[in-house]
Structure formats: C-alpha cells, structure tokens
S.K.: 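Let me begin by handing over the structure; questions about it come next.
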Amino acid sequence: MKRILTIQDISCFGKCSLTVALPLLSAMGIETVILPTAVLSTHTLFKGFTCKDLSDQLKPITNHWSQEGITFDAIYTGYLGTEEEIDTVIEIIRTFRNPNTLVFVDPAMGDNGKLYPAFNEHYAKKNASLCAVADITDPNITEAAYLTGLPYRETYQEEYVREMLKALAALGTRVPILTGVSLGEGRTGAMGYDAARDTFFHYQNDRIPAAYHGTGDIFSSVLAGAFVLGAERTAALKIAADFTARTIEETLKNPENPWYGVDFEAVIPELTEALKRL
Ligand code: PXL
C-alpha cells in the first residue's frame with residue numbers, strides 16, 4: 001500500500017484541509033499519515049474562529065518518525081500558517097525525501113484575486129520557496145499571481161495560462177499545474193506544464209455556475225492521490241476535476257446550501273469506481 005504524509009491544518013468544522021484530505025486519500029486506498037499544523041474551530045472564512053498553532057510540535061513528531069524509520073511515497077502539503085512553519089515544512093521535506101518521493105505542494109493561500117484573511121504578501125513570497133522544492137504544485141490563478149508576481153486576470157487567453165505556468169516552473173517546480181483555468185466558454189479545469197519536456201497538458205469539463213469553499217482542497221487531495229497511484233497526468237487531472245464537479249453538483253441539491261464546504265461524502269463511491277478505470 002502506498003503511504004502519503006499530508007501536512008496542513010485541521011479546521012474542526014468546515015470541510016477543508018485535513019478533514020477532506022484524510023477521508024479522500026483513505027478512500028483511494030492510500031495509507032494517510034497526517035501532520036496537523038494548527039487546530040482551528042472552523043476555517044478562516046467564518047468570523048471569530050479560534051486557532052491553536054502547533055508549529056512547535058512539527059519537529060518533535062517528525063523526529064520520532066525518523067527514529068522509527070518511517071518513510072513516505074509522497075508528501076502533500078496544503079494550507080499552512082506562518083512563514084516559519086513553511087521553513088519547518090521545507091526541512092521536513094528534505095529529511096524524508098528520497099529519489100522516489102513525490103512532493104506535491106498546494107500553496108493554499110487565496111482565491112478570487114485575494115489572499116485569505118490570515119495571509120499577506122510576505123507569506124505569499126515565502127510560499128514560493130516551498131513551491132521551489134515541489135515536484136508538482138497546483139495553485140489557482142490568484143495564488144499563481146501572488147507566487148510569480150504576474151498580474152491576476154479574470155478573463156484571459158490560453159497564452160496567459162502558458163506564461164503563468166512557465167513562470168511557476170521558473171520558481172523551481174518540475175510540473176506546475178494551474179487550477180480553475182477556463183480554456184473555452186462554459187468550460188473549466190486545469191492546465192499543467194512539464195518543464196523538462198517543455199510540454200503542456202490539460203483537462204476541461206463543463207463549468208457549474210456555483211462556487212463553494214473547500215473545493216480546491218478536494219481537487220488537490222484527489223489529484224495528489226491519483227499521482228501517488230501512478231495515474232498518467234491527464235487521467236489524474238480528469239479524475240480530480242470530474243470528482244470535484246460532482247461534489248458541487250451534489251451540494252447544489254442540498255436545501256441547506258452549505259456555503260462553507262461541499263457534500264463530498266455523498267460521492268465518495270463514485271471516486272472509488274473511477275479509480276477502477278485508471
Ligand atoms: O481550504 C483552504 C483552507 C484551509 N484551512 C484553513 C482555511 C482555508 C481557507 O480559507 O481558512 C484554515
């Protein structure tokens with residue numbers, strides 16, 4: 001069985017970060033080891049959330065794993081808290097990485113042209129140093145603009161996406177993937193760039209006119225899982241994008257309209273079915 005380490009916060013309520021990554025990766029048949037960076041009452045789009053930083057626990061926990069000889073096929077990082085924490089995570093990646101380890105960085109820090117409430121431009125720059133050590137990174141356009149310094153655009157041509165991907169590769173990532181990319185009217189998906197081969201790849205499906213929080217974490221978790229399971233690049237994008245779209249469709253049927261996160265739980269069986277076709 002493949003084993004992945006995922007490093008991100010636990011937002012106790014809110015269906016994002018670890019409460020999404022752990023069930024999805026487990027459902028994909030991957031042993032999922034968690035390193036919680038902080039415990040929050042909810043994610044940071046709720047007012048008045050509590051937050052207990054766990055930065056001082058990261059080294060003792062991972063030192064213990066080293067002593068136990070624990071190893072990982074992949075390391076997947078998501079929402080982190082502070083610039084110091086990013087440095088610690090880079091150190092942890094250095095410690096546990098071997099030539100076969102897949103390092104997948106979701107530089108979760110913003111959306112719709114803005115950083116999340118807890119972050120500023122310094123943090124964004126620091127996140128670029130984490131992307132520099134990644135095999136794969138999957139920012140949305142907002143995050144990519146903050147990482148590269150290129151302008152954020154809501155309407156664009158494919159050329160803008162390619163330019164953004166090349167700028168992300170210039171940070172050091174082997175295969176950057178830009179998410180939330182529309183390559184045609186009514187379509188959305190992702191486009192990636194293999195810097196070594198100078199080739200692009202992409203997947204698009206129909207855009208569902210609804211936006212929910214936490215869908216980026218769902219997409220990243222399934223994409224990271226698919227890569228760990230050895231999926232080919234376009235197939236990995238397809239499984240992650242199709243599943244994310246299905247979680248949104250399912251949530252639209254919910255009369256309670258949970259803006260804070262999607263009803264991914266209801267479609268997990270479809271994910272396991274899709275994996276059989278990989
Ligand atoms: O979904 C990304 C995310 C993860 N964790 C926390 C967040 C957010 C987005 O706002 O606040 C704590």
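Order of listing sets the numbers, starting from 1, for every ligand and every atom in it.
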S.K.: Looking at R94 and E91, is any side-chain nitrogen of the basic one under 4.0 Å from a carboxylate oxygen of the acidic one?
M.R.: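 No, E91 and R94 are not salt-bridged.
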
S.K.: Ignoring angles and geometry beyond distance, decide whether T44 reaches within less than 3.5 Å of ligand 1 through its nitrogen or oxygen atoms.
M.R.: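 Yes - when backbone and side-chain N and O of T44 are compared with those of ligand 1, one distance drops under 3.5 Å.
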
S.K.: Quick one: does ligand 1 sit under 4.0 Å from the side chain of D217, the backbone, both or neither, non-hydrogen atoms only?
M.R.: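 Within the 4.0 Å criterion, D217 contacts ligand 1 through side-chain atoms alone.
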
S.K.: For S17, take its heavy atoms, then give the atoms of ligand 1 lying under 4.0 Å from any of them.
M.R.: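 Matching atoms, with element in brackets: 4 (C), 5 (N).
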
S.K.: Which protein non-hydrogen atom lies closest to atom 5 (N) of ligand 1, naming both residue and atom, and how far is it?
M.R.: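 Atom 5 (N) of ligand 1 sits closest to the protein heavy atom D9 OD1, 2.7 Å.
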
S.K.: Using the side chain to side chain donor-acceptor pair (under 3.5 Å) criterion, which residues pair with K2? Sequence neighbours excluded.
M.R.: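 If we apply the side chain to side chain donor-acceptor pair (under 3.5 Å) test to K2, skipping adjacent residues, there are no hits.
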
S.K.: Checking the side chain of S55 only, and the main-chain atoms of E85 only, is there a donor and an acceptor separated by less than 3.5 Å?
M.R.: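 No, the answer is negative, given that no donor and acceptor are paired below the 3.5 Å cut-off.
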
S.K.: Considering only the protein, which heavy-atom contact is closest to atom 12 (C) of ligand 1, and what is its distance?
M.R.: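 Heavy-atom neighbour on the protein nearest atom 12 (C) of ligand 1: S11 OG, 3.3 Å.
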
S.K.: Compare all side-chain heavy atoms of Y123 with those of Y116 and state whether any distance is below 4.5 angstrom.
M.R.: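 No, side chains not in contact.
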
S.K.: What do we get for H213 next to ligand 1 when only non-hydrogen atoms under 4.0 Å count, side chain, backbone, both or neither?
M.R.: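 For H213, the contact with ligand 1 is made by the side chain alone.
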
S.K.: Test: salt bridge (Lys or Arg N to Asp or Glu O under 4.0 Å). Region: residues 200-218. Which pairs qualify, not counting sequence neighbours?
M.R.: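 Sorted pair list: R187-D206.
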
S.K.: Measure the distance from atom 3 (C) of ligand 1 to every protein heavy atom, then report the residue, atom name and distance (to 0.1 Å) of the closest one.
M.R.: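 So the nearest neighbour among protein heavy atoms is Y79 CD1, 3.4 Å.
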
S.K.: I need the R3 CZ to E31 CD distance, nearest 0.5 Å.
M.R.: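 The CD atom of E31 is 4.5 Å from CZ of R3, to the nearest 0.5 Å.
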
